[in-house]
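Everything on this sheet refers to the single structure shown next.
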Amino acid sequence: MSEHFVGKYEVELKFRVADIDVLRQRVIALGGQEFVAENQEHDTYFECATSLEQQNISMLVRDMSPSGIKLWIVKGPGNDRCEAVNITSVEKTINMLNTLGYRRAFTLEKLRSIYFIEQFHITLDRVSGIGEFAEIAIMTDDQAQLATLRIQCQDLAERLGLAACDNETRSYRQLLGH
């Protein structure tokens with residue numbers, strides 16, 4: 001199932017959700033396979049003297065429990081670029097980034113469940129301080145496929161009953177004002 005997270009580009013649509021449990025039932029009804037459920041995620045975002053945010057880049061270290069998944073993630077530059085690597089120690093990775101001159105900018109807490117439908121991953125998030133969200137995403141190394149994959153994500157959103165008017169184009173970072 002980890003092939004769902006392979007690629008340097010990610011097409012992602014995010015929606016505000018009124019009732020995440022109702023959406024979860026729709027995902028399961030469409031054949032969604034659970035990857036992780038109710039993981040508490042602790043994301044530590046970093047900045048440096050030359051602002052990553054100004055370059056449209058986010059760099060974070062993610063610690064997930066109870067799954068035990070630990071990731072170093074770089075999103076950007078741009079909305080479609082995203083790469084992640086498994087790490088064994090969140091603390092050592094944070095210390096290494098600090099040694100390189102990066103500083104903690106803020107943390108983000110969320111309760112996340114991930115499902116797979118076909119080649120897509122569906123993420124259901126409860127984000128502290130900003131609400132409930134659903135993300136439909138797919139990753140690829142082929143930049144030429146991004147437009148086609150975006151249309152396929154939109155089609156899946158419609159099948160799940162997610163309305164275009166609930167589409168959220170801002171990142172969690174932006175929604176939190178960071």
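Along the sequence shown, residues are numbered consecutively beginning with 1.
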Practice task
Begin from the C-alpha positions of Arg24 and Glu38 and carry the test salt bridge (charged side-chain N to carboxylate O under 4.0 Å, His left out) through to its verdict.
Solution key: CA-CA 12 Å; Arg24 183 185 325 274; Glu38 304 282 316; 3.2 Å; yes
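- Looking at heavy atoms from C-beta onward, Glu168 lies out of side-chain contact with Phe15 at the 4.5 angstrom threshold.
- By the rule that hydrophobic residues join a cluster once side-chain heavy atoms approach within less than 4.5 Å of another member, Ile73 and Val61 end up as members of separate clusters.
- At least one side-chain heavy atom of Asn79 sits under 4.5 Å from a side-chain heavy atom of Asn56.
- Hydrophobic clustering (side-chain heavy atoms under 4.5 Å, transitive across Ile, Leu, Val, Met, Phe, Trp, Tyr) keeps Val74 apart from Tyr45.
- There is a path of hydrophobic side-chain contacts, each under 4.5 Å, that joins Leu149 to Leu162.
- Between the side chain of Gln174 and the backbone N or O of Ser171, at least one donor-acceptor pair lies under 3.5 Å.
- Side-chain atoms of Lys70 do not come within 3.5 Å of backbone N or O of Arg62 as any donor-acceptor pair.
- Using a 4.5 Å heavy-atom threshold, the side chains of Met64 and Val36 count as touching.
- A salt bridge between Glu47 and Arg173 is present, with a side-chain N of the basic residue lying under 4.0 Å from a carboxylate O of the acidic one.
- A cation-pi contact, defined as under 6.0 Å to the ring centre and within 45° of the axis, links Lys14 to Tyr172.
- To the nearest 0.5 Å, atoms CD1 (Ile94) and OH (Tyr102) are separated by 14.5 Å.
- When atom types are taken as modelled, the side chain of Glu10 and the backbone of Glu12 share no donor-acceptor pair closer than 3.5 angstrom.
- Between Leu100 and Asn98 the shortest side-chain heavy-atom distance does not fall below 4.5 Å.
- Not one N or O on the side chain of Glu109 forms a donor-acceptor pair closer than 3.5 Å with the backbone of Ser128.
- Contact annotation: the side chain of Leu111 never approaches that of Asn39 to less than 4.5 Å [non-hydrogen atoms, C-beta and beyond].
- There is no side-chain donor-acceptor pair under 3.5 Å between Asp142 and Tyr9.
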Handout entry: side-chain contact (heavy atoms from CB on, under 4.5 Å) evaluation trace for Leu60 with Thr44
Key = CA-CA 5 Å; Leu60 61 126; Thr44 304; over 6 Å; no
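- The CG atom of Leu71 lies 13.0 Å from the CD atom of Glu83; values are rounded to the nearest 0.5 Å.
- Once rounded to the nearest 0.5 Å, the distance linking CD1 of Ile138 with OG1 of Thr148 reads 10.5 Å.
- Using a 4.5 Å cut-off on side-chain heavy atoms (C-beta onward), Glu34 and Phe116 make no contact.
- Val127 and Leu175 end up in the same hydrophobic cluster when Ile, Leu, Val, Met, Phe, Trp and Tyr side chains are linked at under 4.5 Å.
- Between Asp166 and Phe133, every side-chain heavy-atom pair lies at or beyond the 4.5 Å cut-off.
- Note that CD of Gln40 and OG of Ser65 are 6.5 Å apart. Values are rounded to the nearest 0.5 Å.
- Side-chain N or O atoms of Asp141 include one that pairs as donor or acceptor with a backbone N or O of Lys8 at under 3.5 Å.
- Ring centers of Phe120 and Tyr115: at least 6.0 Å apart, outside the cut-off.
- Defined by atom type and a distance below 3.5 Å, a donor-acceptor pair is missing between the side-chain atoms of Arg112 and Thr123.
- Looking at Ser51, its side chain does come within 3.5 Å of a backbone N or O of Gln54 through a donor-acceptor pair.
- Linking Ile, Leu, Val, Met, Phe, Trp and Tyr residues whenever their side-chain heavy atoms come within less than 4.5 Å places Leu30 and Leu23 in a single cluster.
- Rounding to the nearest 0.5 angstrom, the gap separating the NE2 atom in His42 from the CG atom in Asp63 is 7.5 Å.
- Between the CD1 atom in Ile28 and the CZ atom in Arg26 there is a gap of 12.5 Å [rounded to 0.5 Å].
- By the 4.5 Å heavy-atom criterion applied to side chains, Cys82 and Lys75 are counted as neighbours.
- For the residue pair Gln119 / Gln152, a side-chain donor-acceptor distance below 3.5 Å is found, with atom types taken as modelled.
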